[in-house]
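As structure tokens, the structure follows; a few thoughts come after it.
Only this structure's heavy atoms are used, side chains among them; waters, hydrogens and symmetry mates stay out. Counting convention: from 1, in listed order, for ligands and their atoms alike.
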Amino acid sequence: MKINKSKLWALGASVLIIWSCSNSEEVIPDLNVPEDEEDTGEVVIPLKELFEDYFEIGAAVTPQQADLGTAHGQTLRKHFSSITAENVMKPDALQRVKGQYTWSSADQLVQFAKDNNMLVRGHCLTWHSQSPDWMFYDENGDLLSRELALAQLEEHITTVVTRYKDDVYAWDVVNEAMFDWDPAGVIEYREDSPWYQMIGETYIDSAFVYARRADPNAKLFYNDYNSIFSWKRNKIYNMVKRLKDNNIPIDGIGLQGHWMVNTSEADIRTTLDLFRSLDVEIQITELDIPVYLSSDEPGATVYNDTFSFRQKMAYTMIFDVLLDYSDIITNVTFWGIGDDHTWLDQPGRKAFPFLLDEELNPKPVYFEVQKLVQNR
Ligand code: XIL
């Protein structure tokens with residue numbers, strides 16, 4: 001909590017009232033100093049309250065951050081109703097060595113969520129990246145047979161989903177399976193994925209079936225990035241349509257939301273309209289908006305007014321759209337908490353992608369988003 005002038009004044013006034021009326025039984029001291037008031041005098045409405053009529057608000061976290069003894073833990077409890085493990089539930093974190101599971105970090109996140117009344121999104125069960133080599137290759141470095149690969153995938157998914165059956169409410173069952181950067185839209189699947197090479201595209205189907213068997217109640221998601229570009233959204237649409245037509249248990253599509261300050265509103269709306277027609281839930285699973293217009297723009301390490309302006313435009317546009325689709329959007333998760341920790345930072349080039357700054361205080365863009373929601 002920041003102590004500013006108005007808080008000090010309110011505190012002083014309260015003490016004075018208690019002191020001057022200390023003999024009276026009727027006085028109820030007013031110690032309700034507003035908890036969250038910025039120097040500007042603007043009251044901060046925690047994100048989860050701001051959006052409570054619309055969707056859950058989440059953050060990706062590390063085990064170190066999920067600790068109430070830290071500023072990150074306090075910020076999580078205050079602002080967020082959902083957490084995702086940034087790394088520690090990925091295949092290479094949970095089962096780096098075949099048959100030897102390492103649960104402690106993931107368990108810690110789940111316990112933190114339980115203690116603080118938060119949901120957990122599970123990320124992720126099937127991915128070509130951050131997965132151990134034994135899932136893909138034998139001791140000679142050759143790809144595994146289809147049968148062995150599927151058996152190992154089933155074992156992994158069953159063990160992980162069963163362990164967190166009552167605790168993880170939504171799983172990214174398959175992550176990033178569609179081919180990218182293909183404006184012609186010719187190649188559907190990411191063919192360089194070992195999963196695809198061992199099994200073909202039906203590894204996606206199998207993963208969803210295994211997850212559903214292990215937990216009939218969890219929400220099962222397909223999760224990807226660049227989903228709002230026409231060539232990729234159509235591939236995702238076709239793939240999910242194929243799953244649904246084949247009665248494969250899929251509940252939703254996760255849009256990662258690694259968007260840009262100049263992301264097109266029309267692209268987001270068109271994508272949400274298209275996915276709506278599939279009768280699935282939508283979650284924005286990894287939202288972050290770096291301050292740069294392109295990768296060519298020189299990097300900076302200090303946040304400036306231009307960055308702030310861009311983020312105000314982008315974030316208000318984005319949340320305006322997301323609110324318009326809140327009947328199908330059930331969770332919006334940022335891929336981090338505040339600007340101090342993000343996977344997008346590079347030496348000499350900070351991304352500043354969130355609504356909270358490096359000290360975890362609301363940025364000006366936070367208040368623009370807050371105003372937008374309040375005025376709807
Ligand atoms: C990123 C993490 O944030 C990094 O810490 C890690 O080094 C690489 O992975 N899409 C995803 C996430 O689905 O799992 C990725 O997370 C970001 C892109």
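Under the rule for a ring-ring contact (aromatic ring centres under 6.0 Å, His included), the partners of Y292 that lie at least two apart in sequence or sit in another chain are F307.
The aromatic rings of W171 and Y164 are tilted relative to each other, their planes meeting at an angle between 30° and 60°.
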task = Test side chain to side chain donor-acceptor pair (under 3.5 Å) on D288 and W259 and set out the steps.
result = CA-CA 6 Å; D288 49 21; W259 290 330; over 6 Å; no

message = Working note: T271 + R233, criterion side chain to side chain donor-acceptor pair (under 3.5 Å); need CA distance, chi angles, decisive distance, verdict.
response = CA-CA 6 Å; T271 304; R233 85 165 79 99; 2.9 Å; yes

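Near ligand 1, residues E86, N87, K90, H123, W127, Q130, N175, E176, Q256, H258, E286, W335, W343 come within 4.0 angstrom through at least one heavy atom.
A salt bridge is defined here as a Lys NZ or Arg NE, NH1 or NH2 lying under 4.0 Å from an Asp or Glu carboxylate O, and R190 with D180 fails to meet this definition.
Looking at H156, Q100, K90 one by one, the single match for side-chain hydrogen bond (donor to acceptor under 3.5 Å, both in side chains) with Q95 turns out to be H156.
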